[in-house]
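Take a look at the structure below.
Naming: A, B, ... by sequence-line order, numbering from 1 per chain. Just so it is clear, the structure is predicted and the values come from calculations on it, not from any experiment. All heavy atoms count here, side chains included; hydrogens, waters and symmetry mates do not.
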Amino acid sequence: MLTLNQIRKNPEELIKKLSVRNKDFSALIYELIKIDDKRKELKGKSDKLLAESNKLAKSIGMLFKEGKKEEAENAKKRAVEIKEEVKNVNTELSETENKLKEILYEIPNIPHDSVPEGKSDEDNEEIRKGGEIPVLQKKVPHWELAAKFDLIDFELGNKITGAGFPVYKGKGAKLQRALINFFLEEAENAGFTEIMPPLVINEDSGFGTGQLPDKEGQMYQITEDKLFLIPTAEVPVTNIFRNVILKESDFPIKLTAYSSCFRREAGSYGKDVRGLNRLHQFDKVEIVQIQHPDKSYETLDEMVAYVESLVQKLELPYRIVKLCGGDLGFTSALTYDFEVYSAGQDKWLEVSSVSNFESFQANRLKLRFKKEGEKQTQPAHTLNGSALALPRILAALLENNYSEEGIKIPKVLQKFLNFDIIK
RNA sequence: GGAGAGAUGGCAGAGUGGUCGAAUGCGGCGGUCUUGAAAACCGUUGUACCGAAAGGUACCGGGGGUUCGAAUCCCUCUCUCUCCGCCA
(Lines give C-alpha, C1' and ligand atoms only; values in the text may rest on other atoms or scores of the structure.)
Protein backbone atom coordinates (compact mmCIF):
# COMPACT_ATOMS: atom_id res chain seq x y z
CA MET A 1 0.00 0.00 0.00
CA LEU A 2 0.97 3.59 -0.35
CA THR A 3 1.55 5.64 2.75
CA LEU A 4 -0.50 8.69 3.60
CA ASN A 5 2.63 10.78 3.37
CA GLN A 6 3.21 9.52 -0.15
CA ILE A 7 -0.35 10.37 -1.08
CA ARG A 8 -0.50 13.77 0.57
CA LYS A 9 2.81 14.98 -0.78
CA ASN A 10 1.42 15.69 -4.21
CA PRO A 11 -2.08 14.35 -4.88
CA GLU A 12 -2.37 15.84 -8.39
CA GLU A 13 0.80 14.20 -9.55
CA LEU A 14 -0.22 10.92 -7.95
CA ILE A 15 -3.59 10.92 -9.69
CA LYS A 16 -1.86 11.58 -12.96
CA LYS A 17 0.58 8.76 -12.45
CA LEU A 18 -2.17 6.36 -11.42
CA SER A 19 -4.17 7.27 -14.50
CA VAL A 20 -1.67 5.19 -16.49
CA ARG A 21 -3.56 2.27 -15.02
CA ASN A 22 -6.45 3.33 -17.15
CA LYS A 23 -8.57 4.39 -14.24
CA ASP A 24 -9.38 7.64 -12.49
CA PHE A 25 -8.48 7.65 -8.82
CA SER A 26 -9.11 11.33 -8.11
CA ALA A 27 -12.36 10.82 -6.19
CA LEU A 28 -10.78 8.16 -3.97
CA ILE A 29 -7.65 10.17 -3.31
CA TYR A 30 -9.46 13.33 -2.35
CA GLU A 31 -11.85 11.45 -0.13
CA LEU A 32 -8.88 9.78 1.50
CA ILE A 33 -7.25 13.11 2.26
CA LYS A 34 -10.48 14.42 3.70
CA ILE A 35 -10.81 11.41 5.95
CA ASP A 36 -7.18 11.68 6.98
CA ASP A 37 -7.73 15.29 8.00
CA LYS A 38 -10.55 14.12 10.18
CA ARG A 39 -8.40 11.37 11.60
CA LYS A 40 -5.68 13.82 12.55
CA GLU A 41 -8.15 16.09 14.23
CA LEU A 42 -9.73 13.26 16.20
CA LYS A 43 -6.35 11.83 17.15
CA GLY A 44 -5.33 15.20 18.52
CA LYS A 45 -8.53 15.48 20.49
CA SER A 46 -8.24 11.98 21.85
CA ASP A 47 -4.60 12.44 22.84
CA LYS A 48 -5.39 15.60 24.72
CA LEU A 49 -8.22 13.98 26.64
CA LEU A 50 -6.10 10.96 27.42
CA ALA A 51 -3.28 13.17 28.66
CA GLU A 52 -5.70 14.90 31.00
CA SER A 53 -7.10 11.61 32.15
CA ASN A 54 -3.62 10.22 32.79
CA LYS A 55 -2.68 13.25 34.83
CA LEU A 56 -5.86 12.99 36.83
CA ALA A 57 -5.39 9.29 37.49
CA LYS A 58 -1.92 9.94 38.83
CA SER A 59 -3.12 12.71 41.07
CA ILE A 60 -5.88 10.48 42.43
CA GLY A 61 -3.25 7.98 43.45
CA MET A 62 -1.32 10.71 45.22
CA LEU A 63 -4.41 12.09 46.94
CA PHE A 64 -5.32 8.69 48.32
CA LYS A 65 -1.83 8.23 49.63
CA GLU A 66 -1.98 11.56 51.35
CA GLY A 67 -5.33 10.66 52.81
CA LYS A 68 -7.24 13.41 51.03
CA LYS A 69 -10.22 11.26 50.35
CA GLU A 70 -12.70 13.93 49.51
CA GLU A 71 -10.50 15.57 46.93
CA ALA A 72 -9.81 12.17 45.45
CA GLU A 73 -13.48 11.40 45.12
CA ASN A 74 -14.05 14.69 43.33
CA ALA A 75 -11.22 13.98 40.94
CA LYS A 76 -12.73 10.60 40.27
CA LYS A 77 -15.98 12.17 39.19
CA ARG A 78 -14.15 14.37 36.73
CA ALA A 79 -12.21 11.38 35.45
CA VAL A 80 -15.41 9.51 34.74
CA GLU A 81 -16.61 12.44 32.67
CA ILE A 82 -13.41 12.58 30.67
CA LYS A 83 -13.55 8.86 30.14
CA GLU A 84 -16.98 9.15 28.64
CA GLU A 85 -15.71 11.85 26.28
CA VAL A 86 -12.67 9.75 25.32
CA LYS A 87 -14.93 6.85 24.55
CA ASN A 88 -16.98 8.92 22.14
CA VAL A 89 -14.00 10.42 20.42
CA ASN A 90 -12.26 7.06 20.14
CA THR A 91 -15.29 5.38 18.65
CA GLU A 92 -15.35 8.00 15.95
CA LEU A 93 -11.59 7.79 15.57
CA SER A 94 -11.54 4.05 14.99
CA GLU A 95 -14.44 4.33 12.55
CA THR A 96 -12.48 6.96 10.69
CA GLU A 97 -9.35 4.85 10.71
CA ASN A 98 -11.23 1.87 9.35
CA LYS A 99 -12.66 3.94 6.53
CA LEU A 100 -9.20 5.24 5.84
CA LYS A 101 -7.76 1.75 5.63
CA GLU A 102 -10.54 0.57 3.37
CA ILE A 103 -9.76 3.26 0.84
CA LEU A 104 -6.02 2.93 1.26
CA TYR A 105 -6.26 -0.76 0.37
CA GLU A 106 -8.07 0.13 -2.83
CA ILE A 107 -5.28 2.30 -4.18
CA PRO A 108 -2.80 0.36 -6.29
CA ASN A 109 0.92 0.93 -6.58
CA ILE A 110 2.21 3.89 -8.56
CA PRO A 111 3.36 2.74 -11.98
CA HIS A 112 6.96 3.50 -12.83
CA ASP A 113 7.44 6.39 -15.24
CA SER A 114 8.41 4.02 -18.01
CA VAL A 115 5.16 2.04 -17.86
CA PRO A 116 3.34 2.50 -21.17
CA GLU A 117 -0.30 3.47 -21.29
CA GLY A 118 -2.71 0.82 -22.43
CA LYS A 119 -5.81 -1.16 -21.68
CA SER A 120 -4.88 -4.82 -21.92
CA ASP A 121 -2.09 -7.23 -22.70
CA GLU A 122 -2.37 -6.20 -26.33
CA ASP A 123 -0.84 -2.86 -25.42
CA ASN A 124 2.19 -4.32 -23.68
CA GLU A 125 5.51 -3.18 -25.02
CA GLU A 126 7.85 -5.76 -26.47
CA ILE A 127 11.36 -5.21 -25.12
CA ARG A 128 13.30 -7.93 -26.92
CA LYS A 129 13.06 -11.29 -28.54
CA GLY A 130 15.43 -14.20 -28.57
CA GLY A 131 15.86 -17.73 -29.78
CA GLU A 132 14.45 -19.18 -32.94
CA ILE A 133 10.99 -20.42 -33.60
CA PRO A 134 11.46 -24.01 -34.69
CA VAL A 135 10.19 -25.30 -37.99
CA LEU A 136 8.40 -28.49 -37.12
CA GLN A 137 7.68 -31.50 -39.22
CA LYS A 138 4.40 -31.72 -37.48
CA LYS A 139 2.72 -29.43 -34.98
CA VAL A 140 1.47 -31.46 -32.06
CA PRO A 141 0.15 -29.87 -28.86
CA HIS A 142 1.81 -31.07 -25.68
CA TRP A 143 -1.29 -32.78 -24.31
CA GLU A 144 -1.19 -35.16 -27.23
CA LEU A 145 2.54 -35.70 -26.82
CA ALA A 146 2.07 -36.22 -23.10
CA ALA A 147 -0.45 -38.95 -23.83
CA LYS A 148 1.57 -40.52 -26.64
CA PHE A 149 4.72 -40.85 -24.52
CA ASP A 150 2.86 -41.44 -21.27
CA LEU A 151 4.37 -38.41 -19.53
CA ILE A 152 1.36 -36.73 -18.00
CA ASP A 153 -2.07 -38.14 -17.19
CA PHE A 154 -4.70 -35.45 -17.03
CA GLU A 155 -7.58 -37.89 -16.66
CA LEU A 156 -5.98 -39.48 -13.64
CA GLY A 157 -5.72 -36.04 -12.05
CA ASN A 158 -9.42 -35.54 -12.67
CA LYS A 159 -10.12 -38.76 -10.87
CA ILE A 160 -7.96 -38.03 -7.86
CA THR A 161 -8.69 -34.35 -7.45
CA GLY A 162 -10.30 -32.56 -10.36
CA ALA A 163 -9.42 -30.60 -13.46
CA GLY A 164 -6.14 -28.76 -13.30
CA PHE A 165 -4.32 -31.29 -11.15
CA PRO A 166 -2.31 -33.40 -13.59
CA VAL A 167 -0.37 -36.52 -12.68
CA TYR A 168 3.19 -36.60 -14.01
CA LYS A 169 4.49 -40.06 -14.77
CA GLY A 170 7.80 -41.72 -15.57
CA LYS A 171 9.95 -39.52 -17.77
CA GLY A 172 7.40 -36.72 -17.39
CA ALA A 173 7.91 -36.72 -13.64
CA LYS A 174 11.67 -36.93 -14.05
CA LEU A 175 11.66 -34.02 -16.41
CA GLN A 176 9.86 -31.97 -13.78
CA ARG A 177 12.47 -32.88 -11.22
CA ALA A 178 15.26 -32.04 -13.66
CA LEU A 179 13.80 -28.62 -14.29
CA ILE A 180 13.50 -27.92 -10.58
CA ASN A 181 17.10 -28.96 -10.02
CA PHE A 182 18.30 -26.93 -12.97
CA PHE A 183 16.52 -23.79 -11.84
CA LEU A 184 17.67 -24.10 -8.24
CA GLU A 185 21.25 -24.77 -9.25
CA GLU A 186 21.27 -21.76 -11.55
CA ALA A 187 19.80 -19.57 -8.82
CA GLU A 188 22.40 -20.72 -6.35
CA ASN A 189 25.15 -19.91 -8.84
CA ALA A 190 23.64 -16.46 -9.24
CA GLY A 191 23.92 -15.84 -5.50
CA PHE A 192 20.42 -16.70 -4.32
CA THR A 193 20.02 -18.56 -1.03
CA GLU A 194 17.64 -21.47 -1.22
CA ILE A 195 14.57 -21.46 1.00
CA MET A 196 12.06 -24.24 1.46
CA PRO A 197 9.01 -22.40 2.74
CA PRO A 198 5.68 -23.56 4.16
CA LEU A 199 3.06 -24.10 1.47
CA VAL A 200 0.34 -22.83 3.76
CA ILE A 201 0.13 -19.27 5.04
CA ASN A 202 -1.88 -17.31 7.57
CA GLU A 203 -3.89 -14.13 7.06
CA ASP A 204 -1.12 -11.77 8.08
CA SER A 205 1.17 -13.18 5.42
CA GLY A 206 -1.57 -12.97 2.82
CA PHE A 207 -2.02 -9.34 3.69
CA GLY A 208 1.68 -8.60 3.64
CA THR A 209 2.21 -9.43 -0.01
CA GLY A 210 -1.18 -8.14 -1.15
CA GLN A 211 -3.29 -11.27 -1.68
CA LEU A 212 -5.61 -10.21 1.11
CA PRO A 213 -8.03 -8.66 1.77
CA ASP A 214 -9.21 -8.59 -1.85
CA LYS A 215 -7.96 -11.64 -3.64
CA GLU A 216 -8.84 -14.41 -1.24
CA GLY A 217 -11.06 -15.86 -3.96
CA GLN A 218 -7.95 -16.81 -5.91
CA MET A 219 -6.53 -18.87 -3.07
CA TYR A 220 -7.56 -22.24 -1.71
CA GLN A 221 -8.62 -21.78 1.86
CA ILE A 222 -8.46 -23.93 4.94
CA THR A 223 -11.28 -22.13 6.66
CA GLU A 224 -11.20 -24.18 9.84
CA ASP A 225 -7.75 -22.84 10.65
CA LYS A 226 -7.95 -19.56 8.70
CA LEU A 227 -5.06 -20.65 6.49
CA PHE A 228 -4.46 -20.48 2.77
CA LEU A 229 -2.56 -22.58 0.25
CA ILE A 230 0.14 -20.43 -1.31
CA PRO A 231 -0.46 -19.15 -4.84
CA THR A 232 3.30 -18.56 -5.16
CA ALA A 233 6.40 -18.91 -3.01
CA GLU A 234 6.61 -15.13 -3.13
CA VAL A 235 4.15 -15.05 -0.25
CA PRO A 236 5.96 -17.12 2.39
CA VAL A 237 9.42 -16.01 1.28
CA THR A 238 8.71 -12.27 1.25
CA ASN A 239 6.88 -12.60 4.56
CA ILE A 240 10.10 -13.76 6.17
CA PHE A 241 10.70 -10.03 6.38
CA ARG A 242 7.37 -8.98 7.79
CA ASN A 243 7.96 -6.67 10.78
CA VAL A 244 11.67 -6.56 10.24
CA ILE A 245 14.05 -3.61 10.41
CA LEU A 246 17.17 -4.21 8.34
CA LYS A 247 20.53 -2.50 8.33
CA GLU A 248 21.63 -0.84 5.14
CA SER A 249 24.48 -3.32 4.92
CA ASP A 250 22.01 -6.22 4.72
CA PHE A 251 21.15 -5.34 1.12
CA PRO A 252 20.73 -6.99 -1.26
CA ILE A 253 18.92 -10.00 0.16
CA LYS A 254 18.61 -12.66 -2.52
CA LEU A 255 16.43 -15.70 -1.94
CA THR A 256 15.12 -18.47 -4.11
CA ALA A 257 12.49 -21.09 -3.39
CA TYR A 258 10.99 -24.03 -5.15
CA SER A 259 7.38 -24.70 -4.29
CA SER A 260 4.14 -26.04 -5.55
CA CYS A 261 1.64 -23.28 -6.15
CA PHE A 262 -2.11 -23.47 -5.79
CA ARG A 263 -4.54 -21.22 -7.60
CA ARG A 264 -8.27 -21.46 -7.88
CA GLU A 265 -8.24 -19.60 -11.20
CA ALA A 266 -11.87 -18.73 -10.77
CA GLY A 267 -13.22 -17.33 -14.01
CA SER A 268 -10.79 -19.09 -16.36
CA TYR A 269 -12.22 -21.18 -19.12
CA GLY A 270 -11.91 -22.39 -22.69
CA LYS A 271 -8.81 -23.15 -24.69
CA ASP A 272 -6.54 -21.29 -22.26
CA VAL A 273 -6.90 -24.07 -19.74
CA ARG A 274 -6.10 -26.92 -22.08
CA GLY A 275 -3.31 -29.27 -21.00
CA LEU A 276 -0.61 -27.56 -18.99
CA ASN A 277 -1.56 -24.05 -20.03
CA ARG A 278 -3.39 -23.19 -16.84
CA LEU A 279 -3.42 -25.39 -13.75
CA HIS A 280 -4.72 -25.29 -10.21
CA GLN A 281 -1.52 -26.82 -8.93
CA PHE A 282 1.84 -26.23 -10.51
CA ASP A 283 5.50 -26.06 -9.62
CA LYS A 284 7.63 -23.00 -9.72
CA VAL A 285 11.01 -21.72 -8.67
CA GLU A 286 10.78 -18.17 -7.47
CA ILE A 287 13.46 -15.56 -6.89
CA VAL A 288 12.98 -12.76 -4.36
CA GLN A 289 15.14 -9.78 -3.59
CA ILE A 290 14.98 -7.17 -0.87
CA GLN A 291 16.88 -4.11 -1.95
CA HIS A 292 17.79 -0.54 -1.11
CA PRO A 293 15.35 1.88 -2.79
CA ASP A 294 18.19 3.52 -4.72
CA LYS A 295 19.18 0.24 -6.30
CA SER A 296 15.93 -1.60 -6.91
CA TYR A 297 15.68 -0.82 -10.61
CA GLU A 298 19.23 -1.94 -11.20
CA THR A 299 18.21 -5.11 -9.43
CA LEU A 300 15.10 -5.49 -11.56
CA ASP A 301 17.24 -5.34 -14.71
CA GLU A 302 19.60 -7.87 -13.22
CA MET A 303 16.70 -10.22 -12.47
CA VAL A 304 15.33 -9.85 -15.98
CA ALA A 305 18.76 -10.68 -17.39
CA TYR A 306 18.93 -13.69 -15.10
CA VAL A 307 15.56 -15.06 -16.19
CA GLU A 308 16.52 -14.42 -19.78
CA SER A 309 19.61 -16.55 -19.31
CA LEU A 310 17.41 -19.41 -18.17
CA VAL A 311 15.18 -19.48 -21.24
CA GLN A 312 18.26 -19.10 -23.41
CA LYS A 313 19.93 -22.08 -21.79
CA LEU A 314 16.76 -24.08 -22.35
CA GLU A 315 16.98 -23.06 -26.02
CA LEU A 316 13.44 -21.72 -26.09
CA PRO A 317 12.28 -18.89 -28.33
CA TYR A 318 11.15 -16.07 -26.07
CA ARG A 319 10.09 -12.51 -25.86
CA ILE A 320 10.12 -10.04 -23.03
CA VAL A 321 7.31 -7.54 -22.67
CA LYS A 322 6.89 -4.61 -20.38
CA LEU A 323 3.37 -4.59 -19.01
CA CYS A 324 1.24 -1.58 -19.81
CA GLY A 325 -0.72 0.30 -17.17
CA GLY A 326 -3.91 -1.61 -17.78
CA ASP A 327 -2.23 -5.00 -17.42
CA LEU A 328 0.01 -4.12 -14.50
CA GLY A 329 -0.71 -5.96 -11.25
CA PHE A 330 -2.19 -4.10 -8.29
CA THR A 331 0.96 -4.26 -6.18
CA SER A 332 3.57 -3.76 -8.89
CA ALA A 333 5.30 -0.60 -10.09
CA LEU A 334 6.96 -2.22 -13.07
CA THR A 335 6.62 -5.73 -14.45
CA TYR A 336 8.33 -7.60 -17.25
CA ASP A 337 6.65 -10.72 -18.51
CA PHE A 338 8.51 -13.52 -20.21
CA GLU A 339 6.76 -15.55 -22.84
CA VAL A 340 8.06 -18.61 -24.62
CA TYR A 341 6.81 -19.79 -27.97
CA SER A 342 5.14 -23.14 -27.88
CA ALA A 343 5.27 -24.27 -31.48
CA GLY A 344 2.81 -27.15 -31.29
CA GLN A 345 0.04 -24.76 -30.30
CA ASP A 346 1.46 -21.79 -32.18
CA LYS A 347 1.17 -19.76 -29.01
CA TRP A 348 3.15 -17.52 -26.73
CA LEU A 349 2.93 -18.76 -23.16
CA GLU A 350 3.71 -16.61 -20.14
CA VAL A 351 6.36 -18.33 -18.05
CA SER A 352 7.65 -15.58 -15.82
CA SER A 353 6.71 -12.26 -14.38
CA VAL A 354 9.45 -10.14 -12.88
CA SER A 355 8.33 -7.17 -10.80
CA ASN A 356 9.55 -4.32 -8.68
CA PHE A 357 7.04 -3.54 -5.97
CA GLU A 358 9.11 -0.67 -4.67
CA SER A 359 7.83 0.07 -1.15
CA PHE A 360 4.25 -1.08 -1.76
CA GLN A 361 4.64 -4.52 -0.22
CA ALA A 362 7.19 -3.24 2.29
CA ASN A 363 4.65 -0.79 3.70
CA ARG A 364 2.20 -3.61 4.21
CA LEU A 365 4.85 -5.90 5.59
CA LYS A 366 6.40 -3.20 7.78
CA LEU A 367 9.71 -4.11 6.22
CA ARG A 368 12.04 -1.20 6.85
CA PHE A 369 15.69 -0.38 7.12
CA LYS A 370 17.69 2.21 8.95
CA LYS A 371 20.62 4.15 7.61
CA GLU A 372 23.78 4.01 9.64
CA GLY A 373 23.48 6.46 12.51
CA GLU A 374 19.94 7.55 11.64
CA LYS A 375 16.89 7.10 13.78
CA GLN A 376 14.27 7.30 11.10
CA THR A 377 13.29 4.05 9.41
CA GLN A 378 12.25 3.85 5.78
CA PRO A 379 10.64 1.11 3.74
CA ALA A 380 12.84 -1.26 1.74
CA HIS A 381 12.04 -2.31 -1.80
CA THR A 382 10.86 -5.80 -2.66
CA LEU A 383 11.16 -7.57 -6.00
CA ASN A 384 10.39 -10.99 -7.26
CA GLY A 385 10.13 -13.10 -10.35
CA SER A 386 9.41 -16.59 -11.54
CA ALA A 387 12.56 -18.42 -12.49
CA LEU A 388 10.67 -20.25 -13.77
CA ALA A 389 7.15 -21.64 -13.77
CA LEU A 390 7.37 -25.26 -14.85
CA PRO A 391 4.24 -26.37 -16.72
CA ARG A 392 4.42 -23.99 -19.65
CA ILE A 393 8.17 -24.47 -19.94
CA LEU A 394 7.50 -28.18 -20.10
CA ALA A 395 4.79 -27.62 -22.70
CA ALA A 396 7.14 -25.62 -24.90
CA LEU A 397 9.98 -28.09 -24.45
CA LEU A 398 7.78 -30.99 -25.49
CA GLU A 399 6.24 -29.23 -28.46
CA ASN A 400 9.33 -27.46 -29.79
CA ASN A 401 11.67 -30.42 -29.54
CA TYR A 402 9.35 -32.99 -31.03
CA SER A 403 10.16 -34.73 -34.26
CA GLU A 404 9.63 -38.19 -35.67
CA GLU A 405 12.64 -39.39 -33.69
CA GLY A 406 11.04 -38.35 -30.45
CA ILE A 407 11.40 -35.45 -28.02
CA LYS A 408 14.94 -34.19 -27.60
CA ILE A 409 16.05 -32.97 -24.18
CA PRO A 410 17.99 -29.69 -24.09
CA LYS A 411 21.63 -30.07 -23.13
CA VAL A 412 21.45 -28.22 -19.83
CA LEU A 413 18.89 -30.67 -18.49
CA GLN A 414 20.67 -33.82 -19.55
CA LYS A 415 22.99 -33.93 -16.55
CA PHE A 416 19.90 -34.26 -14.34
CA LEU A 417 18.46 -37.11 -16.40
CA ASN A 418 19.48 -40.55 -17.54
CA PHE A 419 18.07 -40.03 -21.03
CA ASP A 420 18.48 -37.39 -23.70
CA ILE A 421 15.48 -38.19 -25.83
CA ILE A 422 11.96 -39.37 -25.13
CA LYS A 423 10.88 -42.05 -27.57
C1' G B 1 -7.01 -35.70 20.80
C1' G B 2 -6.40 -35.38 26.70
C1' A B 3 -3.84 -32.83 31.04
C1' G B 4 -0.82 -28.89 32.65
C1' A B 5 2.52 -24.49 32.20
C1' G B 6 3.60 -20.16 29.78
C1' A B 7 3.85 -15.64 26.13
C1' U B 8 7.43 -8.88 28.94
C1' G B 9 12.36 -4.55 25.01
C1' G B 10 17.88 -7.56 20.13
C1' C B 11 18.40 -11.84 23.77
C1' A B 12 18.02 -13.56 28.94
C1' G B 13 14.91 -12.23 32.85
C1' A B 14 12.31 -9.20 37.15
C1' G B 15 7.79 -6.96 37.89
C1' U B 16 0.78 -9.43 40.44
C1' G B 17 -3.45 -2.57 40.59
C1' G B 18 -0.83 3.76 40.96
C1' U B 19 5.02 7.80 40.15
C1' C B 20 6.37 1.21 34.90
C1' G B 21 8.03 2.41 28.37
C1' A B 22 9.05 -1.08 32.20
C1' A B 23 14.55 -3.31 37.25
C1' U B 24 18.86 -6.18 36.30
C1' G B 25 22.30 -8.94 33.20
C1' C B 26 24.12 -9.82 28.25
C1' G B 27 24.57 -7.80 23.50
C1' G B 28 24.84 -3.07 20.33
C1' C B 29 26.57 2.05 19.85
C1' G B 30 29.64 6.37 21.77
C1' G B 31 33.53 7.79 25.12
C1' U B 32 37.73 7.47 28.95
C1' C B 33 42.12 4.58 29.55
C1' U B 34 45.83 2.02 25.90
C1' U B 35 51.17 2.14 20.95
C1' G B 36 46.83 -1.08 19.45
C1' A B 37 43.37 -4.44 21.45
C1' A B 38 41.15 -6.71 25.69
C1' A B 39 39.57 -5.71 30.57
C1' A B 40 37.67 -1.91 33.61
C1' C B 41 34.85 2.49 34.06
C1' C B 42 31.20 6.34 32.22
C1' G B 43 27.24 7.38 28.96
C1' U B 44 23.66 5.73 25.48
C1' U B 45 20.43 2.07 23.37
C1' G B 46 12.33 0.08 20.89
C1' U B 47 8.35 1.25 17.29
C1' A B 48 4.40 4.08 15.54
C1' C B 49 0.97 8.18 15.60
C1' C B 50 -0.51 13.64 16.66
C1' G B 51 2.19 18.38 16.84
C1' A B 52 5.83 23.95 13.50
C1' A B 53 8.04 23.00 18.12
C1' A B 54 7.78 22.20 23.21
C1' G B 55 5.53 18.19 24.17
C1' G B 56 1.74 14.49 24.07
C1' U B 57 -0.51 9.54 22.95
C1' A B 58 -0.41 4.28 22.06
C1' C B 59 2.05 -0.40 22.31
C1' C B 60 4.49 -5.87 27.91
C1' G B 61 1.24 -12.41 22.13
C1' G B 62 -4.03 -10.56 19.47
C1' G B 63 -9.02 -8.78 20.61
C1' G B 64 -12.58 -7.31 24.34
C1' G B 65 -13.88 -6.04 29.57
C1' U B 66 -13.47 -4.28 35.02
C1' U B 67 -11.24 0.31 37.31
C1' C B 68 -10.27 7.22 38.37
C1' G B 69 -5.81 4.13 37.12
C1' A B 70 -3.93 -2.52 34.13
C1' A B 71 2.29 -5.62 32.11
C1' U B 72 -0.39 -6.85 36.76
C1' C B 73 -7.56 -8.61 37.62
C1' C B 74 -11.62 -10.97 34.26
C1' C B 75 -13.30 -13.04 29.33
C1' U B 76 -11.80 -14.77 24.61
C1' C B 77 -8.61 -16.12 20.60
C1' U B 78 -3.79 -17.47 18.83
C1' C B 79 0.84 -19.43 19.58
C1' U B 80 4.85 -21.96 22.38
C1' C B 81 6.59 -25.58 25.92
C1' U B 82 6.03 -30.25 29.11
C1' C B 83 3.58 -35.01 29.88
C1' C B 84 0.15 -38.83 27.85
C1' G B 85 -2.11 -40.86 23.36
C1' C B 86 -1.75 -41.35 18.02
C1' C B 87 1.49 -41.06 13.90
C1' A B 88 5.35 -39.75 9.02
Both L56(A) and M62(A) contact RNA chain B. Which one's nearest nucleotide lies toward the 5' end?
M62(A)

For residues 150-159 of chain A, which residue pairs qualify under side chain to side chain donor-acceptor pair (under 3.5 Å), counting only residues two or more places apart or in two chains?
D150(A)-K169(A)

Show me the pairs that pass salt bridge (Lys or Arg N to Asp or Glu O under 4.0 Å) and involve residues 412-423 of chain A, at least two apart or across chains.
E185(A)-K415(A)

With sequence neighbours left out, the residues meeting side chain to side chain contact (heavy atoms under 4.5 Å, CB included) with R8(A) are I33(A), D36(A), D37(A), K40(A)

I'd like a table of atom pairs between the protein and nucleotides 75-79 of chain B - only N or O on both sides, under 3.5 Å - with the distance next to each one.
none

Provide the full list of ring-ring contact (aromatic ring centres under 6.0 Å, His included) pairs with a residue in residues 224-243 of chain A, sequence neighbours left out, each pair given once.
none

For residues 23-31 of chain A, please give each side-chain donor-acceptor pair under 3.5 Å, one per line with the distance, not counting sequence neighbours.
{"unit_1": "D24(A)", "atom_1": "OD1", "unit_2": "S26(A)", "atom_2": "N", "d": "3.0"}
{"unit_1": "D24(A)", "atom_1": "OD1", "unit_2": "S26(A)", "atom_2": "OG", "d": "2.9"}
{"unit_1": "D24(A)", "atom_1": "OD2", "unit_2": "S26(A)", "atom_2": "OG", "d": "3.0"}
{"unit_1": "Y30(A)", "atom_1": "OH", "unit_2": "E12(A)", "atom_2": "OE2", "d": "3.2"}

Distance in angstrom units between L93(A) CG and A58(B) P, rounded
13 Å

A57(A) near the nucleic acid: base, sugar-phosphate alone, or nothing, with a heavy-atom cut-off under 4.0 Å?
base

Specify whether H292(A) and F369(A) have parallel, tilted or perpendicular ring planes, treating 30° as the upper limit for parallel and 60° as the lower limit for perpendicular.
tilted

Which pairs pass ring-ring contact (aromatic ring centres under 6.0 Å, His included) with one or both residues in residues 72-110 of chain A, sequence neighbours excluded?
Y105(A)-F207(A)

Strictly under 4.0 angstrom, non-hydrogen atoms only: write out the protein contact profile of nucleotides 45-57 of chain B, one letter per nucleotide from the 5' end, B, S or -.
-SSSBSS----BB

Who passes ring pair (Phe, Tyr, Trp, His ring centres under 6.0 Å) against F182(A), sequence neighbours left out?
none

With sequence neighbours left out, write down each residue that passes ring pair (Phe, Tyr, Trp, His ring centres under 6.0 Å) with F165(A), or none if nothing qualifies.
H280(A)

Would you mind reading off the distance between I82(A) atom CD1 and C68(B) atom P, rounded to a whole angstrom?
13 Å

Enumerate, in order of first residue number, the stems that involve RNA chain B, defined as 3 or more consecutive Watson-Crick or G-U wobble pairs with both distances under 3.5 Å.
B:1-7 with B:78-84, B:10-12 with B:24-26, B:27-32 with B:40-45, B:46-50 with B:55-59, B:61-65 with B:73-77

Tell me the interatomic distance from I60(A), atom CD1, to G69(B), atom P, rounded to whole angstroms.
8 Å

Quiz: residues 190-204 of chain A side-chain donor-acceptor pairs under 3.5 angstrom, not counting sequence neighbours:
{"unit_1": "N202(A)", "atom_1": "OD1", "unit_2": "D204(A)", "atom_2": "N", "d": "3.3"}
{"unit_1": "N202(A)", "atom_1": "OD1", "unit_2": "S205(A)", "atom_2": "N", "d": "3.0"}
{"unit_1": "N202(A)", "atom_1": "OD1", "unit_2": "S205(A)", "atom_2": "OG", "d": "3.1"}

